[in-house]
2 protein chains.
Amino acid sequence: MTQPATPVDRSETPFPTDATLVEKAYALLRQAIVRGALLPGEKLKIDLLQKEYGISSSPLREALNRLTAENLVTAEGNRGFRVAPVSLDDLDDLVGLRIVLEREAVEASIAEGGDDWEARIVAAFYRLEREEKRIYEEQVPLNEEWSQRHRDFHMALLSGGRSKRLANMCASLFDQAERYRRLSASVRKRAHNKSGEHKRLMDAVLSRDPVLAAERLREHVQKTAQNIANAMKAQTQIRTEAESAE
Amino acid sequence: MTQPATPVDRSETPFPTDATLVEKAYALLRQAIVRGALLPGEKLKIDLLQKEYGISSSPLREALNRLTAENLVTAEGNRGFRVAPVSLDDLDDLVGLRIVLEREAVEASIAEGGDDWEARIVAAFYRLEREEKRIYEEQVPLNEEWSQRHRDFHMALLSGGRSKRLANMCASLFDQAERYRRLSASVRKRAHNKSGEHKRLMDAVLSRDPVLAAERLREHVQKTAQNIANAMKAQTQIRTEAESAE
DNA sequence: TTATGCATTATTGTAGACATTATGCATAAA
DNA sequence: TTTATGCATAATGTCTACAATAATGCATAA
C-alpha cells in the first residue's frame, strides 16, 4: 500500500506514519539536535540510541550518515558519531552563507512568485502573530509552536522561486542557525519584540522591492546572529570564570 | 594507530588506505556516478553492488545515504536507491546556484586570499596546461587526469576564503555539474579550446578585480552549461526520433 | 479493457558474532 | 616528575543470516 495522495502539510503532521525507520530515526535525531536535547560534541553511542528510540543499529547508522552531510553530526572513522560542535567561527560561516542564499532566494521569489506565494506569506505571518500574541497574553514562554510558525514564516518568504536546491539549502541553514538560537536561548527565555521586525520584513517583500527586501532580511539575520554570538560569548565567559575559580 | 600526520593531497592519493569501508564505498560510488559509469535513474541494487565492490550491505547502505544528501542518489522508501536522474531543469537549477556560490567564493578569495592562494592558482593552472598540451600533442582524448587538473584549478580559484561550508558546497556543485558534463561528453570527445578561457579567468582573479573575476567566472560556467544543455537536447532529439521510427 | 487477489520478489529491519581500532592504565624509562 | 611502552578493556565497524514488510507482476474475474 502506498501513501495516500492527500497533500501532506509538514508543518502540521510532523511525519507520516508509514515512513521507514531510517526516515523516522533521521527526523527524531535531527529534531533532538536542532532543539538542543542532544548537546554539541555529545557522543552518539549507537547502543544507547538503540535503547532510547527502540530502533536497531542499521537504520540509526544510516540516519546518522545522512545527518553528517547537513553539518549536524560529525563522523570520525573508528571513533563513532558526535553531535556537531558549535563555535563562533562556525556561526559566522553559517550566517554568511545564509545571507547570501536567502538574498538570492528572496530576490528569485519576488521575481517569480505569484499570488499563491504572497498568500502563503500572509497566512504564515498571521499564524506567527497569533502565536506571539498568545505567548504575550498568557505569559507563556517561547515554545515549539512558535518555533514552527517562525520557521514557516521565513520559509514562506523564500518559497516563491523555482530552485528546489536553493530552497532546501536555505531550510537546512535555517535549522542549523535555529540550533544555535536554541542553545543560546537558555539564558533569555522570553521573546524579544521580533514581531515588528517580521512585519517590516514581510512588507518589504510584499512591496516586491528586491533591494529593500534583501537588505531587511540581511539586517534581521545578522541581528539575530549578533544576539546569539553575544549570548555565546557570555556563556563562554561564565564557563571560563567558573573554571578559573576552581 | 592513527593516520600519519603528513598532509594528504587529495588530488594525488585518491583515498587513504586506512579509511573505513563506509568511506571507501562512498568514494567509489561517488566516483562511479560522477564519471557516468552508473547512469542516471539506474537502480542501485545492494546485492549487486556487494558483489561488484566486495563490500557488505551495511557500509554500502550508509554510503548511499550520504550520497542522497548530495543529490547524487535518490532514496525512495521501500523502493531502494537509484542514481539521481538528470534533466534540463535540474541542470538549470544547479548552474544557477553554482554561479551564485562561486561568485561569492571568488570575491571572498580576492578579498582574503594571500600569496599562498595565488601560488595555488598558478600551480594548478600550470598543471592543467601541461595536461592539455599533452592531450593535444599526443592526440590523447580527454581523460581522468585532465578532469582532476580541471577540478583542482577551479577549486584553487575559490580556495582563498575562510568559509569551509562555501568551499564544500562549491566542490559538491562542481562535481554535480561534472557529472552532467561527462554524460553529455559522450558525443564530443576532444577538448574545446578551454585553455584560453581558463587563462583569462586566472588573469582576472589574480588581478584581484572582483567584478571582472565574477563576470568571467559566470561566463565560463554559463557557457559550459550551455554546451551541456545543447548536447542533452541533441541526445533527447535523437532518442525521440529513434523511438518514433519504431 | 479494467479491477482484484495472490504469489513472487525486493527492500528494510533485527540480532548476534567477529575483527579491528581506540583508550585508559599500569609499569618502565628518561 | 615527565614521557614512553605495552597490555587489557571497551568501542566501533563489519559481516551474515534471517524475519517482517512492502512493492510488483501476473493470472483470473468482472
Side-chain angles (χ1 to χ4, degrees), chain A residues 1-6 8 13 15-30 33 38-69 72-85, chain B residues 1-6 8 15-30 33 38-39 41-69 72-85:
Chain A
M1 217 175 297
T2 330
Q3 198 177 321
T6 31
V8 179
T13 65
F15 219 67
T17 52
D18 68 335
T20 63
L21 283 190
V22 179
E23 294 167 298
K24 284 180 193 166
Y26 173 80
L28 286 170
L29 287 167
R30 194 174 196 287
I33 293 170
L38 295 170
L39 293 173
E42 191 173 332
K43 196 111 218 327
L44 293 166
K45 300 186 85 107
I46 304 289
D47 50 349
L48 292 185
L49 295 174
Q50 227 167 314
K51 287 171 196 163
E52 172 104 19
Y53 295 113
I55 295 174
S56 76
S57 61
S58 332
L60 279 175
R61 289 186 59 89
E62 289 175 35
L64 288 170
N65 272 292
R66 278 196 205 182
L67 288 167
T68 56
L72 289 172
V73 166
T74 61
E76 214 178 336
N78 292 321
R79 259 177 286 182
F81 299 93
R82 286 182 178 280
V83 179
Chain B
M1 217 175 299
T2 328
Q3 200 177 320
T6 31
V8 178
F15 219 68
T17 53
D18 66 337
T20 64
L21 286 188
V22 179
E23 292 167 299
K24 283 180 191 165
Y26 172 81
L28 287 169
L29 288 166
R30 194 174 196 287
I33 294 170
L38 295 170
L39 292 172
E42 190 172 333
K43 194 110 219 326
L44 293 166
K45 299 188 84 108
I46 304 289
D47 49 349
L48 291 185
L49 295 175
Q50 228 167 317
K51 286 172 195 161
E52 172 103 20
Y53 295 113
I55 294 175
S56 77
S57 60
S58 337
L60 278 176
R61 290 186 59 88
E62 290 175 32
L64 288 169
N65 272 292
R66 279 195 203 182
L67 288 166
T68 55
L72 289 172
V73 166
T74 62
E76 213 177 337
N78 291 321
R79 258 178 284 183
F81 298 94
R82 286 182 176 280
V83 179

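Letters go in sequence order (proteins before strands), and every chain restarts at 1. All values below come from the heavy atoms of this structure, side chains included, with hydrogens, waters and symmetry mates left out.
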Is there side-chain contact between A/Leu49 and A/Leu29, with heavy atoms separated by less than 4.5 Å?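 When only atoms from C-beta onward are counted, A/Leu29 and A/Leu49 do touch, with a gap below 4.5 Å.
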In this structure, how many angstroms lie between the [atom2] atom of [N] and the [atom1] atom of [X], rounded?
X	N	atom1	atom2	result
B/Lys51	D/dT16	NZ	P	13 Å
A/Asp47	D/dA10	CG	P	13 Å
B/Ile46	C/dT12	CD1	C1'	10 Å
B/Tyr53	D/dT14	OH	P	16 Å
B/Arg66	D/dG13	CZ	C1'	12 Å
A/Arg61	C/dT12	CZ	P	17 Å

C/dA10 OP1/OP2 closer than 4.0 Å to side-chain N/O of B/Arg79: no
Does D/dA10 have OP1 or OP2 sitting under 4.0 Å from an N or O in the side chain of A/Lys45?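 No, A/Lys45 has no side-chain N/O under 4.0 Å of OP1/OP2 on D/dA10.
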For B/Ser57, which contact category applies under a 4.0 Å heavy-atom criterion: base, sugar-phosphate, or nothing?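 B/Ser57: base contact, heavy atoms under 4.0 Å.
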Residue mapping more 5' on DNA chain C - nearest nucleotide basis, A/Gly77 or A/Leu21: A/Leu21
Walking DNA chain C from its 5' end, the first of A/Asn78 and B/Leu44 to be reached, judged by nearest nucleotide, is B/Leu44
Using rotation axes that map the C1' atoms of four end pairs onto the next four (five pairs an end), what angle separates the end axes of the helix from C/dT1-D/dA30 to C/dA30-D/dT1, to 10°?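 Both end axes considered, the difference amounts to 30°.
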Give me each pair satisfying side chain to side chain donor-acceptor pair (under 3.5 Å) with a member in residues 54-68 of chain B, each pair once, sequence neighbours excluded. A/Arg61-B/Glu62, A/Glu62-B/Arg61, A/Glu62-B/Asn65, A/Asn65-B/Glu62, A/Asn65-B/Arg66, A/Arg66-B/Asn65
